[in-house]
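In the text below, chain A, chain B and the rest are named by the order of the sequence lines, each starting its count at 1. Worth saying up front: this structure is predicted, and the values here are computed from it rather than measured.
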Amino acid sequence: MGQYLVRMLLQVVPVMFLISIIVFVLVHVTGDPVNLMLPETATEEDREILRAALGLDQPLYQQYFVYIKNVLQGDFGNSFHYGEPALPLVLERLPATFELAAVAMLIGIVIAVPCGMISAVKRNTVLDVIISFLSVIGKAMPNFWMGIMLILLFSVSLGLFPVSGRGGVEHIVLPAFTIGIGLAAQMTRLIRSNMLEILSQDYIRTARSKGLREVLVVGRHAFRNGLIPVVTIMSLQFTSLIGGTLVTETVFAWPGLGQLLVTSVNMRDMAVVQAAVFIIALVVIVCNMLTDVVYRYLDPRIKYN
Amino acid sequence: MEQQIKKRKTTLWSLLWNSKLGSLGAIIVLFVVLVAIFAPWIAPYDPAALDPIKRLKPPFWMEGSLPEHLLGTDNLGRDILSRLIYGSRVSLIVGVGAVLVSGLVGTLLGLLAGYYGKWSNILIMRTADAFHAIPSLLLMLVMLAVVGPGLTTLIFVIGLTNWVSYARVVRGEVLSIKERDFVRAARAAGASNARMLFKHILPNIMSTFIVLSGMNVATTILMESSLSFLGLGIKPPDVSWGTMLSDGKQYIATSWWVSTFPGLAITITVLGVIFLGDWLRDVLDPRMKAND
Amino acid sequence: MKPLLEVKALTKQYPLPRKGFRKESGAVQAVSGVDLAVMPGETLGIVGESGCGKSTLGLMIARLLEPTAGQVLFEGKDLLKVEGDELRKARRDLQFVFQDPYSSLNPRMKVSEIIAEPMQIHGLYKGVELTKEVSRLLQAVGLSQQQGDRYPHEFSGGQRQRIGIARALSLNPKLIICDEPISALDVSIQAQILNLLKDLQAEYKLTYMFISHGLPSIRFISDRIAVMYLGRIVEIATKQQIFSSVKHPYTEALLQAVPIPDPSLRKKERIILRGELPNPANPPKGCAFHTRCPYATERCQQEQPQLIEVEAGHYAACHYPLDKRKEEGH
Amino acid sequence: GNNGNSSANNGGNSSTNSEAGNGGSDSGRTGDQAKLVIANSADIESFDPHNNNNTYSESVIINVFEYLVKNGENQEKVPGLATEWEMVDDTTWRFKLREGVTFHNGDPFTAADVKFSFERVAKDSSLKQNSYFKHITEVKIVNDYEVEFITEYPDPILLNRLSKMGAGILPAKYIEENGIESFLKNPIGTGPYKFSSWTKDDRVVLVKNESYYGDAPQWEEVTFRMIPEAATRVSELLTGGVDIITGVPVTDIERINGGEATKIEAATIQRVLHLLMRMTEGTVTADPLVREAIELAIDKQAIIDSIAGGMGTVTRTSVTPGNFGADPGLYETSLFDADKAKQLLQDAGYTNGGPEVTLSASTVYKEIAEVVAAMLTGVGFQVNLDILEPSKFTETYNSKGFKELFILGVGNSLFDASNNYNRFLLENAAGETDYNNPEVEELLQAALSNMNPEERAKQYQQVQQHIANDRPTIYLYQMQGVYGVNKRINFAPRLDEMFILDDIKLAN
Amino acid sequence: MSHLLEVNHLQTHFKTPDGILRAVNGVSFTVDAGETLAIVGESGSGKSVTSMSILGLVSDPGKVVGGEILFEGKNLLRLTKKEYRNMRGKAISVIFQEPMTSLNPIFTVGFQISEVLRTHYKLNRKAAKQRAIEMLDTVGIANAEKVYARYPHQLSGGMRQRVMIAIALVCQPKLLIADEPTTALDVTIQAQILELIQKLAKEQNTGVILITHDLGVVAEMADKVAVMYGGEIVEHASVEQIFHRPSHPYTQGLLASLPKIHEDEQRLYSLPGTVPNLLESSEGCTFAPRCKFASEACLQSKPRLALQGEQHWVSCLKAEEVRG
Ligand SMILES: Nc1ncnc2c1ncn2[C@@H]1O[C@H](COP(=O)(O)OP(=O)(O)OP(=O)(O)O)[C@@H](O)[C@H]1O
Ligand SMILES: Nc1ncnc2c1ncn2[C@@H]1O[C@H](COP(=O)(O)OP(=O)(O)OP(=O)(O)O)[C@@H](O)[C@H]1O
Ligand SMILES: [Mg+2]
Ligand SMILES: [Mg+2]
C-alpha cells in the first residue's frame, strides 16, 4: 500500500504542477480580472492601483512563483470575487457536488445495467431498438431540457418532488435523474457492445453447460466480465461530473462546484479556479486509483498486466 | 470458387440491405445529409427571416397555429421547419468534424501511449488527466481569446476537450491487442512501428472507435450550442440545432416546440448514425459478417 | 561447419504481478540459462511439458520477447544487440510460425495481404510480381490462389496454420521457428504439413526449430531433439539417440506416455508421473524434476544437475543418466 | 472622472428583462405566515456594501445595512441613520446622527462608525464602490452624533451617493476588533433584519432584528434564494415554493396570472436600454446620416410589444421620470420610419448595399439584438451580430473594445442625470463612442459641480437634446421589472428594484 | 435395452450469408452406460457441433433442424428450456475443447465447481465447497483446499483442464462429453487426465463421448469409434475394428497418415485434395473427390451408413473393396 501510494505520488505531484501552470497561464490569457472587478467608470489609474494591490503588475512567472510558494504553504490565496480564502470556498461546495454526482451515477448504473444487458441479449430485436432510441434521446436532449421537463412533470403537475434547491432526499431526485439519464444513455450503449463480445466467449457456453438459468449466465458470468470498460467510462463520467454539472445545477439551483467554477472562470477569479482545479485534479487522480482497485476486484487477471 | 468470389464483392451492399437497422440508419443519415446539402431548395422560408409579432406560434396540429408555419415559429417568429433544415448544416459539420478531431487526436495519443508505454504513456495519460481536470470552459475561453471565433475553432475546441475519453479507452484496447500474436507476427516480419500501429493495431480498435463516436456525435452537437453561448461558435443569423435548442430553453414550459423539434432532429440523426455505426462495425469485422 | 544459430545462457523472467497493494512478489523463471546450437539445414525438435518455456524460448530467439539475460547469435551476430533498421533486416532471415495460428493472423487482413506483407516491408517484390509471388506461396502450402481473397476466420485450423507457414516462407529465411504448428489438426492434415516442411527443407536448405508435443511428429521431422523441463534443457541429442538410448527420466516418462494408436497394444497399467507439478515461480531446489522422478535421491533434492555430454553428442542434465544408472544398479 | 454611475451594464447585473430563469421551492416553508421567500436570479456578491456592485446584492443587504439618507417614495431624500443635514459650504456637509441605534451585536451606532465606514470606502481603491466616494477627503467627527463630510470639490449629488449601497454604515468597533474577514462571515448592521446564514449560490437567510429602532420588523425570517433558471423560478412560484420571483419571462406572465395562487406585479425600473455607436473617425457610424438611419430603422414599440411583452416605454433619453434633470419631451417618443432610413442611407452614399456594421450585445439581450439587427438589415445595413457571454461582454466593454454598435442596459441608482450623461464627457467618451461636442462638454463640466439645482437641471435637459440629435447613443426603451408574486403577499415593485422587506406585507 | 444416448439423423445447420452450412448432416450413433465412444475426423467435420447439439448449446446462427436425440429414451429436443437446463451439468456434462478460455476468468475455480452443485442439488455454500474440494482432490489436484480459492489464470494448463473435468464430473453425470480434452498438454499430463476420465467412467458407469484427433488416445480409451467427415459419420465400429479393419477410405487415410513413433520415415501419407465445402450439398459421397476408390456411382448417389459386419457401420458404396 505504502509503495503504491508513493508511486502514485511521484506521478501526482508533477501532474499537479503541470495543471497549476496550465491553469495559471490559461486564466491569464483569458483576460484581466481588473476589468471585471471595477466599474466601467474606473480610470486607468484606478485599475493600475488595483492591479498593483493584487500583484497583477508583476511578470507572470513571478506571480506564479509567489502563488506556488503560497500554495505549498497551504494558502491558495483569496477570491477576487468573494474576497474570501479560495480553498474553503471550493471545499464548501464539494458535499453538494459529490452528493449529486454519486446519486446520478447510481441512477445511471441502475438504469443502464439492465437496459444494456437486455439490449445485448435481445440484439436487433424491437426491444433493442427501443432501448437504443431511448438512450439516444437521453443523450441528445440536453440536460436543461430534461431538467425542466422533469420539473414540469413531477413538480408542477404531479407535485411529487420539490422544484429546486438542496435539502432533503426528495430534493436530489430530479437533478440526479436529469444527469443520470444522460449517463445511463452512454453506459447502456457501452454495456451493450461489451456484452455482445462477452456473450460469445467460451466460458459463457461453459456456464450454460452447467445448467445455469439464463439470468445467472448473463447476470453473473457475462456481466462482471463486461464491467471493466464500463468502470473506465464510469470513472471518466464521475470525474467529469465533479466540475461539470453546471447546467443541471443552474436548472435546479443546486449550489455545486459547477456554478462556482463557471462564475470564477467568468470573473477570472484566479485563486478560486486554481483551488477548484486542484481539488478536481485530486478527485480525478483518486478516482483513477479507485478504479484501479475496482479493476483488481473485478478481474483477478489484471495483476498480470 | 469463382462464383463465390464474385458474390463476395457484392456483399457489402447486400449486407447493408439485409441489415434492417443498418439500412434504416443509412436512410436517415442520407436523408439528413441531403437536407443539409439542398437546404436552400427545400426550406420554405429564409431561416433568419423574423417577425416578432408572429413569435412562438405552435405547430400545425395545435390551436393557434399558423398554416404557413408547419412546425410553428420560434421566439422571434422565425419558421422552425426552415431553421431545422438549415440548422442541419452546421450541426452535421460540427458533429462529424469535432468527433473526427477528438477521435483522431484521442485515438492517436491513446495508440502511442498504449503502444510505446513507458514515458510516453505517463506523459500522455497524465496530460489526459490534466485536461480532464481543467474545466473545459476555461479551455474554451482561451481558445476564444487566442484563435478567435469561427466554425473551425469550434470544431477544434470541442475536439480538444473530448479527446481524453478516446485516449483512455483506446489505450486500454491497445494494451491488450499488442499482446496478440498477430502483432508479434508483424514484428517478426520486420514491420516498422508505424506499420504496426496503423495497419495492425488501428483496424482492430475501429469498433471501439465507432461505438464511442456514435454517442459523441450527440455530445458535440449539443456542445456547439453552449459554445455559441460563449460567443465561440456560430453567430446569428446562422443557425444550428444546438443554438435552436438553447434559444428555446426559456420557452420549454410555455412553447415546448421551440426546443423539442431541434432535440428530436438531433435524436433521429444520432440514431441513424448509431445504427449505421453498428452495421459498419459488423462489416468492418470480417468475422461478424457471417453471423448477422 | 559453423552453427547458424547459437543460444547462450538465455534466460527469461516474467515478473509476477503485485498482489493488491503489495510490492512485486518475485518472478516466473520461464527459461533459465538455455544453451543451444543449430546447424544450417538441420531441424531441432523441442519437446517438453506444457508451460516449460518452449514458446518463450522460441520467441526470444526471434527477438519477439526481450530476454532477461543471455545471447542469441545468429550467423555469428548477436541479435540482442541490434536495433531499429538493422534488426528489421536481420528478421528477414529468421521467421516464426506461431503456436496459435488463428490469433497470429490479423483478423482484418485478407490472407493474400498477410502473406504479401513481409515482402512489401522488405521491398522484395512489387505490383504484379508480388501477386505472382503470393500465389506461388499459396500453392506451395497447398492453398489456391482464390483463397487468398478470404479472411483468416474463413479457414479451417489447418489452413490457417499453412497461411502462417506461407508467411514465414515468403522472405525465404534461413531459420524458421515453428511453435506447435500442428497440434490442433487432424492427422491427415498434420501429415500434409509435415511433408511440406520437409519438402521445403530439401528444396531451400531451410533450418527449423520445431516445437511440439506430438512425439511421433517430432521424430518424423527432427534431426536432433531437445527436451525441456521447467525452463531448462534436460536432454539433447540426435533423434536416434533419444529414441534408442534415453538418458533423462523425464524423457523416458514422455516416451512411455505416448499413446500407441493400436488398441491391441493397450497398456494395462500406464506409467504415470506422480507427484507435485513444480511451480515455476518457486522452483524446487536441486533437480527440478525430483518431485516427480521415480528415481530421485537425496542428492537430486539438493544439487542441481548440469547438462553434460553423456555420449558423443548426447547431453543430459541428470545425476543418474539412465544407462549409467542401470549399470550402477540403481 | 468622479462621476457616480451605478451602472448595470450587462446581464450579470440586470435583474429584469427576458433572461433565463426562475424557480424555487423550499419545502419547509409553506404555511408559515411569518416567513418570506424571495427568489432572485443571481447571488449576492458579498455582505460588504463597499465591495459590491450590483443591484441584486443591494436589494438584499439594504435590509441589513442602513444609509445616512434614504430614498423616499418619489426619490426625495428622507432621514435614515442621519436625522438632519445641511450643506455648510460647497464642499462641507454636516449630518446629525440618529441616537439610540444599535448594531445587531448591541454596540451603539455613533459618529465613529460613520467616519470608519466612509474613510474605508473612500480610501481603499480595491473596493468596488470606491470610485463613487473617493472625492470625500475627510469625515470629521464633531461629536458622537454629529459628523462633517469634506469633499474635494463641490458635489451636487452627494446625498444621492449617500443613499446607495456604498454608503452602508459598518460597525467600526466590531470590525477593528475582529477583522474584516470575520465580519464578512458574520456581518452586522443596523437594519431591521439580521444576517442568519449565507450559502453561496443557494440562499441568504435574514432574521428579524428584535431591537430595531424603528417599527418592529414584520417577518420572522426572510430567505433570498438564488435560482438562475427562469423556468425554475416560475415553477417554484407556481408550486408555492417561493413568494416572490424576479425576472419573469414575458411568456410566462399568462401562466402566472392564471395560477390559482399567483399573480404578476410589474413596474417601471431605472434601466434604459442603450444602443451605443462609435463615432470614431473612419467608422461608418461617424456619419450622422448613418446614425440617424439607424434610429429611424428601429421600431422600438414593436420590440416592446413582442420581445418585452408590452412591458416597456419607448424613450429618446435615459433620464426617465423620477430622475433629476429629466426632459419629459424626449420620453415616450420614438422616430421609427424605415423608408426614410433607406433614403438617408442613399443620401449617405450607400447606393448598392448599405454599410457593414458590427452589433455587439451580451447574451442577456440576445433576442433584442437579433431583432435590431433584423431591422437594420431591413433598411439595407449589413449587420454582423456579435453576441458575447456576459463577463466577456463586460470585459470588452470596460476595455472599450466594441466596434460600431453595442447594446447596453444602464440603470441609475443615483437618480440623477449625471449618472447617464457623464459618459459623454470627452474623457469618458474617448475610445468608446468618441463623442465630441464642445457645447455638450461645456454643459456637462458645468453641471458636475453646479450646486444650483434649477440651473443644473436645465443644463442636463440641454445635453439631452444635443444627444438626441447627435445620436452617439440611441435609447431603445425603458424596461419594467416583472415579478411573480404569491397572492398571499402584497408587493409593490420599486423603481430602484430594491426589496424593502417591511414594505412587503401579507395580504389579508 | 435402450441406450443411454441415441442420436438419430441429427442435422445441425448454420445460416450464413453465403447459404446454409450443413455442419452436422444426418449423424446417428449410440452410447451405452459405461461405454466410451470416440469421435474422430477431419478438422471442421462437425464433431464439436454434434456435441453442442446434444447439449442444446449450438450458438446463434446454428440450429438443430432435424433428427432426434434420445437420452434415456427421452427426446432432448422436445424438452422445455427448463427441463433441458436441469439436464445440463447434472445428467449430461461436457469438457470443452478450449481449456484456456472455457473457465470464467473472474471467478475462483472453487466457485465455478460448487456453482454446479448449488444449482442442481441446492447445496448450501459450505456443503458445496466441501464437495468441490473433494472433487478437486479426486481429479488429482494436490492441495485442493488452496486451489479452491484460486483463479483460473493462476493454474497451469493441465490444472485448468482438470478443473474443467471436475466441473463436468462433480454431479456424477450419466453422460460425459469430452471435446479434445488434452490437445494442449504434453503426453505425461495427457496420460494423467485420460486415466482419470477412464477411472471415473468405470467407477460411475458413465457413458463417455471422447472427441479427439489423437488416434493414440482413441486406441487407448475407446470402446467404439465414430469417424466423421464433412458433417456425416462415415464409419462407426468397435475400436479394434476401426484400427484393424478400417472399411472407409477416409478412415484408412487417417490411419495411414500417422507418423510412427518407432520408425524413421522419409514421407508421411496424406490424403490428397481439400476439405469439402459444407455449404454445398453434394449429390454423391462427400469424400468421393478425394477417394482413390471413387467411381461414377460414388459421385451420383450418396452412400448410407450400412452394416458391414458385426456392429460395424460404414457409409461407403465400396466398403468391401476398401477393406480389401
Ligand atoms: N506474459 C507472461 N507473464 C507471466 N508468465 C508467463 C507469461 N507468458 C508465459 N508465462 C509463463 O512462463 C512459462 C513458460 O511459458 P511458455 O508459453 O513458454 O510455455 P510452453 O512451453 O510454450 O507451453 P505450452 O506447451 O503450453 O505452449 C509458463 O509457466 C507460463 O505460465
Ligand atoms: N458459429 C458458426 N457459424 C458458422 N459456421 C460454424 C460455426 N460454428 C461452427 N461452424 C462450422 O461448422 C463446421 C463444424 O464445426 P466443428 O466445430 O463441429 O468442427 P470440429 O469437427 O469440432 O473441428 P475441430 O477438429 O477443428 O474442432 C465447421 O465447418 C465450421 O466452419
Ligand atoms: Mg507454447
Ligand atoms: Mg471441435
Side-chain angles (χ1 to χ4, degrees), chain A residues 30-43 45-47 49-50 52-54 78-85 89 92-93 96 144 147-148 151-152 155-156 159 161-168 170-171 247 249-256 258-260 262-263 265-268, chain D residues 1-7 9 12 20-21 23-28 39 43 45-46 48 51 53 125-126 128-132 134 180-181 184-185 199-203 225-229 231-233 235-236 238-239 241 389-392 394-400 422-423 427-428 432:
Chain A
T30 49
D32 184 352
V34 169
N35 272 342
L36 285 157
M37 291 167 72
L38 290 177
E40 85 277 9
T41 51
T43 58
E45 191 189 331
D46 294 337
R47 290 173 198 197
I49 293 169
L50 182 56
L54 296 172
N78 273 20
S79 159
F80 297 154
H81 180 62
Y82 290 108
E84 290 177 33
L89 273 175
E92 98 200 351
R93 301 300 179 97
F144 66 75
I148 294 174
I151 290 178
L152 290 179
S155 304
V156 178
F161 299 103
V163 177
S164 70
R166 181 168 176 241
E170 68 277 11
H171 280 89
V247 173
E249 285 177 19
T250 311
V251 169
F252 290 95
W254 190 267
Q259 294 206 50
L260 177 69
V262 170
T263 321
V265 170
N266 282 340
M267 302 306 285
R268 322 281 179 255
Chain D
N2 56 350
N3 47 355
N5 263 23
S6 138
S7 70
N9 46 24
S25 91
D26 185 17
S27 50
D43 200 8
E45 269 175 46
S46 82
D48 187 344
N51 196 21
N53 194 25
S125 64
S126 71
K128 291 177 185 163
Q129 291 283 338
N130 168 263
S131 60
Y132 299 103
K134 61 183 175 190
I180 192 78
E181 260 172 38
L184 289 178
K185 286 213 177 84
T199 314
K200 295 190 187 67
D201 282 337
D202 184 24
R203 66 191 64 206
R225 290 198 47 201
M226 195 289 274
I227 303 177
E229 185 65 48
T232 313
R233 283 198 301 275
S235 298
E236 280 284 18
L238 290 174
T239 56
E389 176 272 323
S391 64
K392 190 78 203 164
T394 308
E395 217 182 316
T396 319
Y397 172 65
N398 284 348
S399 58
K400 310 197 168 175
N422 281 348
R423 80 164 56 249
E427 185 193 353
N428 293 342
E432 187 179 281

Go through D:Arg225 and A:Ser164 one step at a time and tell me if the side-chain hydrogen bond (donor to acceptor under 3.5 Å, both in side chains) criterion holds. CA-CA 10 Å; D:Arg225 290 198 47 201; A:Ser164 70; 3.0 Å; yes
Of all residues at least two apart in sequence or in a different chain, which pass the side chain to side chain donor-acceptor pair (under 3.5 Å) check with A:Thr263? none
Look up atom CG in D:Asp202 and atom CH2 in A:Trp254, then write down how far apart they are to the nearest 0.5 Å. 9.0 Å
Please report the C-alpha distance between D:Lys200 and A:Leu260 in whole Å, then the side-chain angles of each, then the deciding distance to 0.1 Å, and finally whether the side chain to side chain contact (heavy atoms under 4.5 Å, CB included) criterion is met. CA-CA 9 Å; D:Lys200 295 190 187 67; A:Leu260 177 69; 6.0 Å; no
Thinking salt bridges, do D:Lys185 and A:Glu84 make one under a 4.0 Å N-O criterion? no
Scanning both residues in full, the closest heavy-atom pair of D:Arg203 with A:Arg166 reads NH2-O, 4.2 Å
Can you tell if the side chain of A:Asn78 reaches within under 4.5 Å of the side chain of D:Glu181, non-hydrogen atoms only? yes
Apply side chain to side chain donor-acceptor pair (under 3.5 Å) to D:Asn130 and list each qualifying residue two or more places apart in sequence or on a separate chain. none
Cut-off 4.5 Å, heavy atoms of chain A, and the answer for D:Glu395 is both
Taking the side chain as every heavy atom from C-beta outward, state whether D:Ser235 and A:Leu152 have any atom pair closer than 4.5 Å. yes
Considering all heavy atoms of both residues, which atom of D:Thr239 and which atom of A:Val156 are nearest to each other, and what is their separation? CG2-CA, 3.8 Å
State the OH-CG distance between A:Tyr82 and D:Asp48, to the nearest 0.5 angstrom. 14.5 Å
For chain D, find which of A:Arg93, A:Met267, A:Glu249, A:Glu92 contributes the most heavy-atom pairs closer than 4.5 angstrom. A:Arg93
